[in-house]
J.: 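One structure coming up, written as structure tokens, with questions to follow.
Numbers restart at 1 for each chain; the letters A, B, ... are given by sequence-line order, proteins then strands.
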Amino acid sequence: MNIEQHIVTATIEAVKKLYHQDLPEAQISLQDTRSEFEGQITIVVFPVVRFSKKSPEVTASDLGEYLLEHVEDVVAFNVVKGFLNLSINNSYWVSLLNTELLKPEFGTIAANGKKVMVEYSSPNTNKPLHLGHVRNNLLGYSVSELLKANGSEVFKVNLVNDRGIHICKSMLAWQKWGNGETPLSSGLKGDHLVGKYYVIFDKEYKKEIETLKLQGQTEDEAKKNAPLIKQAQAMLLAWESGDAEVIDLWKTMNGWVYEGFDVTYKNLGVDFDKYYYESNTYLLGKDTVEEGLAKGVFFKKEDGSVWIDLTADGLDQKLVLRADGTSVYITQDLGTAQMKYDDFGMDESIYVVGNEQDYHFKVLFLILDKLGKSWSKGLYHLSYGMVDLPSGKMKSREGTVVDADDLIAEMVLTARQKTEALGKVDNFSEEEKEQLYYNIGMGALKYFLLKVEPKKRLLFDPAESIDFQGNTGPFIQYTHARIKSLLSKAEFKQGVQVDNYISLSETELEMIILLAKYPSEIAAAAKSFSPASLANYIYEVAKMFNKFYHEIPPIVKEEDEQLKQHRLNLSWVTANILKAGMRILGIAVPERM
RNA sequence: GCAUCCAUAGCUCAGCUGGAUAGAGCAACGGUUUUCUAAACCGUAGGUCAUAGGUUCGAAUCCUAUUGGGUGUACCA
């Protein structure tokens with residue numbers, strides 16, 4: 001039982017004895033004591049006033065007296081307005097460090113038996129990944145790791161949008177203007193090569209539209225009548241009917257894209273347990289539609305189209321099957337949801353998808369709920385904001401997208417330049433240097449994207465490079481490397497406890513309290529699916545260490561063995577937490593830099 | 001129109017289920033290296049928490065309205 005729990009039970013006891021009232025536990029609000037006051041734990045007594053029928057100050061004093069008397073480690077208290085500040089025995093904190101934090105398994109949370117699926121990335125196969133995808137990938141990966149750290153069994157899946165008119169556009173353009181170009185022949189990365197033809201299609205299509213408009217057609221007519229779009233549509237039909245030549249080309253070009261994606265995924269450090277392909281799932285969902293009709297959840301209009309009426313839930317009527325019997329987007333998502341559940345039987349299923357699809361998922365989940373799917377309660381749309389540039393939205397057609405591969409390369413290059421300028425890596429081997437530049441560059445990028453609350457839109461300025469100082473990935477990486485260097489210089493011996501009566505500086509006390517929060521920070525971040533809150537915490541830890549490090553004389557030269565061991569213990573715990581926390585964000589921390 | 005999200009320092013962001021004088025980083029200014037890595041540390045300056053009401057002992061946080069911005073509202077995905 002930790003000190004907070006002792007205080008809570010004792011407070012309830014106190015209210016019972018002193019005021020003869022039952023204080024509900026929810027009314028007890030504990031917080032860290034602000035640094036300008038004496039003490040470490042504060043009880044906000046305002047809610048208790050209702051039970052004590054006395055002023056906040058008197059109530060606080062009464063409780064303070066009681067806790068001082070009855071809780072062993074409470075050694076003093078002071079009252080400021082309605083706040084009861086408790087001072088906890090020094091030895092309690094030292095023993096917390098000794099017994100809890102120093103355990104090698106500190107921070108690992110036991111399995112909770114929950115199975116969770118996280119679907120993320122979900123790219124289209126007609127163009128390379130851009131910064132928006134990068135946010136999605138990092139978020140999905142990190143949330144998965146976070147849930148694992150919190151004790152769940154996690155399945156990462158990628159639902160690839162590998163079919164449809166968009167990929168036919170690339171295929172058609174390649175047929176017409178590609179002259180047989182392949183990644184091998186041109187040295188172009190596969191996804192970029194296919195993306196190039198997607199752009200060419202768009203350019204040529206626009207030309208045709210202009211020509212048709214000059215011939216007197218309206219914009220809308222021209223868009224429909226342009227030969228290129230007609231050919232693309234014809235190609236899609238051919239694909240659907242299994243035309244061997246089209247399928248062959250489709251396979252070839254998608255293959256190029258996957259080779260390209262694999263490289264980008266590897267650089268991003270993300271992975272998947274299973275891939276789903278829309279070419280396999282796009283026909284799914286018709287059974288679900290039948291089921292919905294049978295259950296009376298859906299209804300059929302005269303033309304044969306199938307709908308659901310969600311107006312009672314504040315939404316609209318929604319089409320779930322076209323009049324010609326073909327699927328729409330939500331049809332396949334209904335079917336895919338069922339398929340995923342049949343495959344994995346998970347308790348929860350997280351969809352990492354941008355907030356432009358908020359409405360879609362609201363509808364999807366509501367429909368599954370109405371169909372009586374027991375597992376629909378576990379569905380969650382992890383909705384994240386767009387990545388904006390100073391000029392506004394990224395638009396592929398206007399060439400303002402920030403390409404993922406370019407960005408990664410730039411980050412690594414910047415890391416190289418900054419590191420070389422500091423001149424600390426002269427004794428590194430070439431491989432070590434390359435690895436370090438990669439880790440630092442990616443650390444900066446990942447931390448930059450992950451420290452922002454997913455829900456919020458994110459501003460990225462390509463003109464200003466991502467910072468390496470302050471609240472950044474490299475700052476935390478540096479702190480870790482510094483501790484590792486310290487531990488080795490001081491010949492740290494792991495697992496040696498120090499005397500409980502050693503005196504703690506204010507910073508050391510704050511450090512222990514902060515470090516002890518790690519497990520609850522993981523739990524809180526997992527609960528809200530927010531790597532950002534974890535990132536924030538890790539930064540606090542790193543900042544606290546640097547403060548500590550500067551305040552005290554060199555540990556290496558410390559002659560008091562107890563004190564030395566104690567400070568090294570604190571440093572060691574800090575390094576572990578930085579490493580474990582950053583790992584959840586998908587960021588490697590170097591041993592030296 | 002309707003739905004939904006967002007609005008905190010010059011810029012980028014924190015701020016937990018309402019709690020004490022709203023915090024960081026960057027940028028600006030000043031300081032710290034004969035001592036364990038200066039990608040660090042310390043300090044100064046910077047705020048009508050979009051606006052107006054309301055609930056409360058207490059509101060950046062909850063409610064309502066307004067303003068500004070994003071997104072959605074397809075027999076596209």
Side-chain angles (χ1 to χ4, degrees), chain A residues 26 29 31 33-34 36-37 42 44-47 49-50 55-56 80-83 85 124 161 163-166 278 282 301 303-307 314-316 318-324 326-330 332-333 354-360 362 383 385-386 388 392-393 415 418-419 421-422 424 440 444 448 451-453 455-461 464 467-479 481-490 520-521 524 528 532-533 535-537 539-540 542-543 545-558 567 571 592-593:
Chain A
S29 150
Q31 54 185 250
T33 303
R34 293 177 68 114
E36 62 263 40
F37 302 113
T42 292
V44 183
V45 299
F46 294 104
V49 170
R50 263 178 47 219
S55 73
V80 181
K81 293 190 266 180
F83 298 88
N85 303 321
N124 292 345
N161 185 359
R163 64 162 287 280
I165 191 76
H166 55 276
E278 285 200 16
Y282 82 108
K301 288 193 175 173
D303 65 359
S305 60
V306 181
W307 295 72
L315 304 173
D316 305 312
K318 183 83 185 173
L319 176 94
V320 293
L321 197 68
R322 289 191 187 105
D324 62 8
T326 58
S327 298
V328 289
Y329 180 40
I330 201 149
Q332 26 172 319
D333 266 6
N355 65 6
E356 74 271 16
Q357 293 197 35
D358 284 355
Y359 183 77
H360 172 74
K362 216 179 203 177
S383 163
M386 308 272 93
D388 289 327
K393 242 185 117 164
K418 296 207 183 222
T419 306
L422 288 170
K424 295 181 185 179
I440 295 175
F448 178 82
K451 77 171 178 187
V452 179
E453 204 55 42
K455 194 166 67 168
K456 299 212 175 170
R457 59 181 265 280
L458 195 146
L459 189 77
F460 176 82
D461 189 347
E464 273 180 60
D467 274 320
F468 283 60
Q469 287 173 353
N471 187 358
T472 66
F475 168 83
I476 297 163
Q477 292 172 316
Y478 171 73
T479 306
R482 197 185 217 187
I483 297 173
K484 281 314 182 80
S485 156
L486 165 66
L487 292 175
S488 87
K489 279 191 181 155
S520 62
E521 290 290 336
S528 54
S533 74
N536 224 346
Y537 168 77
Y539 171 63
E540 292 296 328
K543 210 165 52 152
F545 177 82
N546 283 307
K547 187 182 174 195
F548 161 76
Y549 184 82
H550 272 266
E551 272 177 8
I552 55 174
I555 297 175
V556 172
K557 294 183 178 159
E558 181 57 56
R567 289 181 170 163
S571 305
R592 53 191 190 129
M593 68 186 268

J.: What nucleic acid atoms does A/Ala490 come within less than 4.0 Å of, heavy atoms only: base, sugar-phosphate, or nothing?
T.: nothing

J.: Across the strands shown, which category fits A/Asp333 at heavy-atom distances under 4.0 angstrom: base, sugar-phosphate, nothing?
T.: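 No contact.
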
J.: Taking atom P of B/C13 as reference, at what distance in whole Å does atom CG of A/Leu459 sit?
T.: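 So the CG-P distance, A/Leu459 to B/C13, works out to 6 Å.
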
J.: What distance, rounded to whole Å, do you find between the two C1' atoms, one in B/A28 and one in B/G72?
T.: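 One C1' to the other, the span is 42 Å.
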
J.: Under 5.5 Å between ring centres and under 30° between planes: does that hold for A/Phe83 against the base of B/A20?
T.: yes

J.: Closer to the 5' end of RNA chain B via nearest nucleotide, is it A/Ile552 or A/Pro474?
T.: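 Its nearest nucleotide being more 5', the pick is A/Ile552.
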
J.: A/Glu278 near the nucleic acid: base, sugar-phosphate alone, or nothing, with a heavy-atom cut-off under 4.0 Å?
T.: sugar-phosphate

J.: Under 4.0 Å, heavy atoms only, any strand: does A/Glu453 hit a base, just the sugar-phosphate, or nothing?
T.: sugar-phosphate

J.: Please work out if A/Thr42 contacts a base, only the sugar-phosphate, or nothing of the nucleic acid, heavy-atom cut-off 4.0 Å.
T.: base

J.: Looking at A/Gly354 and A/Ser383, what are the two nearest heavy atoms and their distance?
T.: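 Looking at all heavy atoms of both residues, the shortest contact is C-OG, 4.4 Å.
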
J.: Expressed as a whole number of angstroms, how long is the span from A/Phe545:CZ to B/C36:P?
T.: 13 Å

J.: NA contact type, A/Val44, heavy-atom cut-off 4.0 Å: base, sugar-phosphate, or nothing?
T.: base

J.: For B/A20, is there a stacking contact with A/Phe37, counting only centres under 5.5 Å and planes under 30°?
T.: yes

J.: Any idea which of B/A39, B/C41, B/A14 is nearest the A/Leu422 side chain?
T.: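 For A/Leu422, the side-chain atoms sit closest to B/A39.
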
J.: Let me know the distance between OH of A/Tyr539 and C1' of B/A24, rounded to the nearest Å.
T.: 5 Å

J.: Mind checking the C1' distance from B/C29 to B/G69? Whole angstroms is fine.
T.: 34 Å

J.: Are any of A/Arg482's side-chain N or O atoms less than 4.0 Å away from OP1 or OP2 of B/A38?
T.: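 For B/A38, OP1/OP2 do have a side-chain N/O of A/Arg482 under 4.0 Å.
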
J.: By the 4.0 Å heavy-atom rule, please label A/Thr479 as base, sugar-phosphate, or nothing.
T.: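 Nothing, no heavy atom under 4.0 Å.
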
J.: What do you reckon, do A/Tyr549 and the base of B/C36 stack, with centroid distance below 5.5 Å and planes below 30°?
T.: yes

J.: Within this structure, what is the CD1-to-C1' distance between A/Ile476 and B/U37, rounded to whole angstrom?
T.: 17 Å

J.: Both distances below 3.5 Å, Watson-Crick or wobble geometry, any strand: find the nucleotide opposite B/A52.
T.: B/U64

J.: Would you say a side-chain N or O of A/Tyr329 is under 4.0 Å from OP1 or OP2 of B/A77?
T.: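 Checking B/A77 against A/Tyr329, no side-chain N or O comes under 4.0 Å of OP1 or OP2.
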
J.: Is there aromatic stacking of A/Tyr359 against B/A3, centre distance under 5.5 Å, plane angle under 30°?
T.: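 It does not: the ring fails the test against the base of B/A3.
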
J.: Using a cut-off of 4.0 Å on non-hydrogen atoms, how would the nucleic acid contact of A/Val80 be classed: base, sugar-phosphate, or nothing?
T.: base

J.: When the C1' atoms of B/G19 and B/A59 are compared, how many Å lie between them, rounded to an integer?
T.: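 Their C1' atoms lie roughly 10 Å apart.
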
J.: Using purine N1 to pyrimidine N3 plus N6-O4 or O6-N4 for Watson-Crick, or N1-O2 and O6-N3 for G-U wobble, both under 3.5 Å, which nucleotide pairs with B/C13?
T.: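 B/G23 - that is the nucleotide pairing with B/C13, both distances being under 3.5 Å.
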
J.: Between B/A74 and A/Arg322, is there an OP1 or OP2 to side-chain N/O distance shorter than 4.0 Å?
T.: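 Indeed not, no polar side-chain atom of A/Arg322 lies that close.
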
J.: Could you tell me the separation between the CG atom of A/Asn546 and the P atom of B/C42, rounded to a whole number of Å?
T.: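 Those two atoms, CG and P, are 9 Å apart.
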
J.: Measure from CZ on A/Arg592 to C1' on B/C36 and round the result to the nearest Å.
T.: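 The answer, rounded to whole Å, is 16 Å.
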
J.: Using distance alone, with no hydrogens and no angle criterion, decide if A/Asn355 and A/Arg457 have a side-chain donor and acceptor under 3.5 Å apart.
T.: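 Not at all, the side chains of A/Asn355 and A/Arg457 share no donor-acceptor pair under 3.5 Å.
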
J.: Below the 4.0 Å mark, does B/C36 have OP1 or OP2 next to a side-chain nitrogen or oxygen of A/Ser485?
T.: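 For B/C36, neither OP1 nor OP2 has a side-chain N or O of A/Ser485 closer than 4.0 Å.
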
J.: Ignoring backbone atoms, establish whether A/Lys547 has a side-chain N or O less than 4.0 Å from OP1 or OP2 of B/A40.
T.: no

J.: What's the gap between B/U71 and B/U32 when it is taken at their C1' atoms, as a whole Å value?
T.: 49 Å

J.: In sequence, state the C-alpha distance, the side-chain angles, and the governing distance for A/Arg34 and A/Glu36, and then conclude on salt bridge (charged side-chain N to carboxylate O under 4.0 Å, His left out).
T.: CA-CA 6 Å; A/Arg34 293 177 68 114; A/Glu36 62 263 40; 3.2 Å; yes

J.: Select base, sugar-phosphate, or nothing to describe what A/Ala481 touches, counting heavy atoms under 4.0 Å on all strands.
T.: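 Counting heavy atoms under 4.0 Å across all strands, the contact made by A/Ala481 includes a base.
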
J.: Whole Å only: how far is the CZ atom of A/Phe46 from the P atom of B/U17?
T.: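 Rounding to the nearest Å, CZ of A/Phe46 and P of B/U17 are 20 Å apart.
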
J.: Using atom CG of A/Asn355 as one end and atom P of B/A3 as the other, report the distance to the nearest whole Å.
T.: 18 Å

J.: Among B/G25, B/U37, B/U35, which nucleotide sits nearest the side chain of A/Lys489?
T.: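 Among B/G25, B/U37, B/U35, the one nearest the side chain of A/Lys489 is B/U37.
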
J.: Look at A/Arg457 and B/G70 and indicate whether a side-chain polar atom (N or O) is within less than 4.0 Å of OP1 or OP2.
T.: no

J.: Is there a side-chain contact between A/Arg34 and the phosphate of B/A22, meaning an N or O under 4.0 Å from OP1 or OP2?
T.: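 Answer is no, no contact under 4.0 Å.
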
J.: Which is true for A/Met386 with a 4.0 Å heavy-atom rule: it touches a base, it touches only sugar-phosphate, or it touches nothing?
T.: nothing

J.: Using a 4.0 Å heavy-atom cut-off across all strands, classify A/Pro47 as base, sugar-phosphate, or nothing.
T.: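 Since a base atom lies under 4.0 Å of A/Pro47, the category is base.
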
J.: Heavy atoms from C-beta onward define the side chain here; which of B/A40, B/U4, B/U37 lies closest to that of A/His550?
T.: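 Selected nucleotide: B/A40.
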
J.: Taking any strand in view, what nucleotide pairs with B/C41 in a Watson-Crick or G-U wobble way, both distances under 3.5 Å?
T.: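 Checking every strand shown, B/C41 finds its partner in B/G31, with both distances under 3.5 Å.
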
J.: Between A/Phe468 and A/Tyr478 (judged by ring centroids, cut-off 6.0 Å), do the two rings come close enough to count as a pair?
T.: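 Centroid distance A/Phe468-A/Tyr478: not below 6.0 Å, so no.
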
J.: Which sits closer to the 5' end of RNA chain B, A/Lys301 or A/Asp388, going by the nucleotide each is nearest to?
T.: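 Result: A/Asp388.
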
J.: So which nucleotide from B/A38, B/C41, B/C75 ends up closest to the side chain of A/Asp303?
T.: B/C75

J.: State whether A/Lys81 places a side-chain N or O below 4.0 Å from either non-bridging phosphate oxygen (OP1 or OP2) of B/U21.
T.: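 Result: yes.
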
J.: Which part of the nucleic acid does A/Ile440 contact within heavy-atom distance under 4.0 Å: base, sugar-phosphate only, or nothing?
T.: base

